[in-house]
Every structure is written in structure tokens, then in C-alpha cells.
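A quick write-up on the structure given underneath.
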There are 2 protein chains.
Amino acid sequence: MNDVAAAAGVALKTVSRVVNDEPGVNAATALRVKAAIDRLGYRRNDGARTLRRGRTASIGLVIEDAADVFYSSLSRAVEETALHHGCLLFTGSSQEDAARERDLVLAFCARRVDGLIIVPAGTDHTYLAPEFEAGTRAVFADRPPGAGCEADVVLSDNAGGARAGAAHLIAHGHRRIAFLGDLPRIFTAAERLRGYREALAAAGLPYDEALVAMGPADPARLRADLARLLRAADPPTALLTGNGRTTVETLRALASITGSAPGATAGAFVEGACPGLGGLALVGFDDFELADLLGVTVVAQDPARLGRTAADLLFLRLAGDDGPVTRFELPTRLIPRGSGERPPPPRRDHP
Amino acid sequence: MNDVAAAAGVALKTVSRVVNDEPGVNAATALRVKAAIDRLGYRRNDGARTLRRGRTASIGLVIEDAADVFYSSLSRAVEETALHHGCLLFTGSSQEDAARERDLVLAFCARRVDGLIIVPAGTDHTYLAPEFEAGTRAVFADRPPGAGCEADVVLSDNAGGARAGAAHLIAHGHRRIAFLGDLPRIFTAAERLRGYREALAAAGLPYDEALVAMGPADPARLRADLARLLRAADPPTALLTGNGRTTVETLRALASITGSAPGATAGAFVEGACPGLGGLALVGFDDFELADLLGVTVVAQDPARLGRTAADLLFLRLAGDDGPVTRFELPTRLIPRGSGERPPPPRRDHP
DNA sequence: CTGAAAGCGCTAACAC
DNA sequence: GTGTTAGCGCTTTCAG
């Protein structure tokens, strides 16, 4: 900026005025400055600018995994909103690791982001207290913050969605419904399990622990759990899967169990012999690509809306809104596509 | 920092030393400083730090769309590498808009990112000249920079992959192969079209423009193009789709054309009547979720490797590597799953 | 309309 | 081992 000023024969401050489109600069002077800027290839240093001004016009987003469609949709919506507010976006994936979440958040704070959107992996967010003290705002998305951390949060109606999914299967005659969910320490997984239990209770059905398998969406884990479920004395007639990854891996596992293994039936699609559910009904939590073609009934969340809502809320806070902490809960939507509307097979003991 | 210094009864510089784990501080003094830091909730301002030090320890990534699985995988890999190098990552989606790409890149440069990874939407990158002059490094990924911009680039072997895909169909007896690609102004689309043509030429087959439909992966557009192709006098017996989105939308379009429309056959999956290809063979460029279950043969790229390679290259440059500009071309992999190995129907004129 | 001076929070380069 | 001084590139404040 000094160089530009010298080249244009003006003072530093005049260059600053031109660069920032501030009023009160002689048109001719401005032109001379602009020429010098172009000639020297000058670009304002926003780092120095934000140091002086206090706000960095940037926000930080911590998600679980940028490569997962759910979070990438959420991320995209946040990005859009941020750009709309003239903000740049730092992104980081926590990989479901509390320490890494914390490191990322603190790194963003060290960069003095104006605000944070966090999909928490951990359950202790007391480390944020000094940041809040310093004026940084945070909105939690998809999962609430740990106890003792007062912050806005935007969730899906996880329990309600799972309840609707289970009730849907019950309405179609199922009495033995298995639930395949994520690790129970994850908020969304616990909530969905709760919804499942509530639906059973509402229908007067017993809760059978043998029908519940919680764990990561690991192919081997799911194959083992499914095999166990299906060879039980009183196997389930329907499945409720707790998230997108689990649904997809369950489809794979079922295809391999029911014989139409990916390898074996390389021509599944071709020969019209689509990998089957082996007589099971299925409702999946989360919509996924090609679920429509496969005819899989799902309880859909709206990750983009989750992101948009969280970002809108954050910018409201950054604009000075100091109302009480809020908790949004976005509705889910059951989309019947066939797999969730199949009746159970006739019961052998009631011919 | 001043406050901490005062609270600990030391000079500013000593606090700085403690904060940065610099050697040569009395253990007792350090402890006193640390106590003051905790008590006051002090956090170093990295903005000021980078202003002083010159490097910002951050890089910018511009992709096409963060919500697209291809780019989100690439993005995730870049993020991982960046974090590994102690760098934070700015992300932005260009939405295939050259002006927006430029705005994002320049915004990142104004923040003085150390380096850039760009999936270019535009074809003119002369606007980067001043940034290069200033020492910012850039690596292009997935597509090369516009003419006159000397920069490293990491690509997939697009032409080779398409050639392999088309050759695969030819080897299985197909003579009339349609190509459904993206807008030809997009580098990857043009390259894949070239590969398709080369495969035809190598097999002595004519290039028939009527069999080529280039455009966005818009459902309506694809349905219309497919309908036109299939009702022609001499219709194709096989399809080569030019990218993941197009493959998926083509499957949808075919399902709706061949009667097993998503709506009509909500139970497709359930009844074992998987949406068919209507007798067509299919090879898709890009692997996609559930392609294995559907039995769709694909030419797979490795987006994560693309991102990793680009990031590694960038950090090599940032570490001082001043070798000549390089151009990486990563191999693709043909994965046969059934849809690409179906023979054409017997020809009527050769009974 | 333009400019000079101070300082945002930090670190590099030297003192002591 | 510790402290002082200067300055990164910009904006704010106030003076012409």
C-alpha cells in the first residue's frame, strides 16, 4: 500500500480510501491510484485489515466427515449462506473424534473466526467458555453441545422420525422389527433408538434387545449382526436402519447373505434379478442416492436445511441478536417406496 | 498478551516464548505465565501472528460443488493433507461459474493463503499472475488451467478411461455405442469424448454424431436425449455415460422409459423386478454408491487420490521445490459388474 | 478532499 | 534467562 501511495503520489490513507470505495476522494486522484494499483498488481491484505477491524469475516465449520453425503450437503448449505454474508469458510472433519473436534475448533478460534458451526463429536464443550467470553458465537448442528454449554442448536427430529419409521412397519403388520443403529454414544443414534422404542411401546409391542444391533456402519459388523438376527428362532420380519451408511451396507450385506452377492451376481441389474431383501421389509433413516430406483422406503432428513438453518441462526447472532438460546428441531419425512410396505410373511403358528 | 505479561509480572516477549514453546525460559517463570494464561483465558491471535511471520498456514480449495460426492472426496483428501501440514483449509464451490471461481480465488489470496488448489470452472487464469508474482502457489486439479497459466496440474486419464470403457463395449460385440457426456466446454467431458472417438477409430467403427448427446446431467434433458436415441432407426445397443451424475440420471431415465418408473414401481426392489436397462449395455464413467449392487460396470476415477496428489504437490512447492511445472495423470480402472458385459441383441439383418 | 500519527497483536532482531 | 525496540499492512482518529 505504501508502494502504491508512492507510485500515485498520494498518502497511504488515500489508497486505503480508494481500495475500500470510501467516499470523499477526488475522481482524478482515485483514477491515478487505481492505475498504480493495477500497475503494481497490488492486492489488499485482508489479514492485516481484519487485525485492525476486529472482525475476520470468516466462520469455521466442523463436521464429522466432509466425504459423507449428509455432511457435504450440510456443508454446502453453510458455505452458500456464508458467502452470501461476505464470509469465508474454514472447514474441518472431526472424524467422530472429540480431541480432533476440539483442536479444530480452537484452531479456528485462534484464527479469530467470527462464528462457529459445530457438529460435535465430543460431549464436553467447556473448552469453549473462554471463546464465548471473547465474543465468538457458536451454533451446534445435528447434535447438541455437551452439558454446561449454552449455545443454539439445530437438530432433526430424530426420535420422531424413527418413531414414524417403526410405526409405518407396525402399521403394515410387522411385530418383530429389528433396529440397526450407530454407536449409542452418538446423540442421533440414541434418539433414533428411543423413537423406535416409543413406537413399539405405543403399539403395545415388547422391546426385545436381541433385535437391536448398535455399532459403526462397518460391513463386517453388519453382516455378522444380520446373520445372527436372521438365524434366530424368532427372526425379525422387518428392519429399521439407523442412518444412510448403515442402510446401504445393510443392503450389501443382505445381498451377500441372500445369495445375490455383488461378485456372484455381477449381472444382477442386467438380468432383472435385483439383489433381494430376502423377504424382509425395510425402512431406512436418511434418504440416499438411488433409493428411489431401488424402491427403498426411507425417513428423510434435510441436511441442506439443517446447514442453512444453523448458518442463518449464526449470522443472526453475529448481527447482534442476543435473545435466549434456541433449539430448532426440523421435521423428517417418510417416503414410501415399496420396501417398507411389504407385509410380513404369514405366521406359521397361525396358519 | 500484554495482560498476561502484566498478570505474570514478565515482559511481553516472555509470554510469546511460552506460548510458542520456545526454549530458554525458566521453568518457574513459564509456569507462572501459563497460570496467568489459564486464568485470563488467553488465546494467541493467529491473525496477528501470520501478519508478522509472513505465512498464514492456510490454503484455499476451490471445487465445483462441495455437495457432489466426487468433489467432496477430493476435498476430504486435501483437508487431511493440509491438517497434516498444520494448515487450515478455506473451501468454496464455484458452481461451474468462472466469475465465482475467480472471486473465491482472489478472496483466498486476499487472505494471503499460502497456496491454492483449484478445480477450474473458467478457462482464463491470467488474473492469477499478480498472485504468482507475490509467491502464492497454485495446483490445478481435475482440469488444467487456461492457456498462459503455468501451474502444476493433476488430472485423471480421462481420454484413456473413456477409451477403455468404449473398447470394453466393443470387445463385447457392440457396434452402435451412444455417448452421453457433460457440456463439451468442460475439459473432462471433451477428453472423455475424445477417448470414446479414439476407441471407435481403433476398432474401425464410424463416428456417428447422432449417437452423441452432450449436456448437463439434467433429468429432463437426459430423458429426451435417451428417448430420441432409442427410437431412432438404428438405435444404440450400448451406452457410455460420461460422469457419475449422468450415469445415475440415465438409470432413472431408462427406468422411466422402459416402464419401471420410480413412481409406478415403487416396489421394484421388493418384487425382484429391478429397473431394467431395456436390453442396453452400459458402462459409466465414475464409480458411484451402490453401483456394485446394481451391477453397473464403471470406469472408476480415484477422487481422493486426485486430491491427495494435488495437495502433496502443493506442499512440496511450499517447501521450496522449484522444479519445472508438472502434469500428473492418474490412471482409471475399469470395474466389470455385468452391465458392460452384455452382448448386443442378435442383428435382424444377419439372422 | 487529503494526510499524519497511533495502534490492532504479534514476532524478529537484538540488547542486557 | 529475560526485556526492548521495531514493524508486519492495514484502519481509525483527528488535523489540516
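The basis for the numbers below is simple: all heavy atoms, side chains too, and nothing from hydrogens, waters or symmetry mates. Lettering of chains follows the sequences in order, A, B, ..., and the numbering in each one begins at 1. Computed from a prediction, not measured in an experiment: that's the story for all the values here.
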Option from A:V78, A:V139, A:L116, A:L88 for which side-chain contact (heavy atoms from CB on, under 4.5 Å) with A:I59 holds: A:V78
In whole Å, I'd like the distance from the [atom1] atom of [X] to the [atom2] atom of [N].
X: B:L51; N: D:dG7; atom1: CG; atom2: C1'; result: 9 Å
X: A:L12; N: C:dA4; atom1: CG; atom2: C1'; result: 10 Å
X: A:D3; N: D:dG9; atom1: CG; atom2: C1'; result: 11 Å
X: B:R53; N: C:dA13; atom1: CZ; atom2: P; result: 11 Å
X: A:M1; N: D:dG7; atom1: CE; atom2: P; result: 19 Å
X: B:Y42; N: C:dG9; atom1: OH; atom2: P; result: 10 Å
X: B:R32; N: D:dT2; atom1: CZ; atom2: C1'; result: 11 Å
X: B:K13; N: C:dC10; atom1: NZ; atom2: C1'; result: 9 Å

More than 12 heavy atoms from other groups under 6.0 Å of [atom1] on [X]:
X: B:F187; atom1: CZ; result: yes
X: B:R102; atom1: CZ; result: no
X: B:E150; atom1: CD; result: no

Check whether any side-chain nitrogen or oxygen of [X] sits under 4.0 Å from OP1 or OP2 of [N], and answer yes or no.
X: B:R52; N: D:dG7; result: no
X: A:T14; N: C:dG3; result: yes
X: A:S16; N: D:dC10; result: no
X: A:N20; N: D:dT11; result: yes

Pair of N/O donor and acceptor under 3.5 Å linking C:dG9 base with B:R49 side chain: no
B:H125 and B:F140 aromatic ring geometry - parallel, tilted or perpendicular at 30°/60° bounds: perpendicular
Aromatic plane relationship, B:F108 with B:F90 - under 30° parallel, 30 to 60° tilted, over 60° perpendicular: parallel
Partners meeting side-chain contact (heavy atoms from CB on, under 4.5 Å) with A:N2 (sequence neighbours left out): A:L12
Sugar-phosphate, base or nothing in reach of B:V19, heavy atoms under 4.0 Å: nothing
Touch class at under 4.0 angstrom, heavy-atom based, for A:A48 against every strand present: base
Pair B:R100-A:E79, salt bridge (Lys or Arg N to Asp or Glu O under 4.0 Å): steps then yes or no: CA-CA 13 Å; B:R100 190 161 153 164; A:E79 188 198 299; 3.7 Å; yes
Name the pairs: protein N/O against N/O of nucleotides 14-16 of chain C, kept only if under 3.5 Å.
none

Salt bridge flag under 4.0 Å for residues B:D68 and B:R245: no
Positions of residues 21-30 of chain B (non-hydrogen atom under 4.0 Å from DNA chain C), listed by number: none
Evaluation steps, side-chain contact (heavy atoms from CB on, under 4.5 Å), between B:S72 and A:Y71: CA-CA 10 Å; B:S72 67; A:Y71 296 109; over 6 Å; no
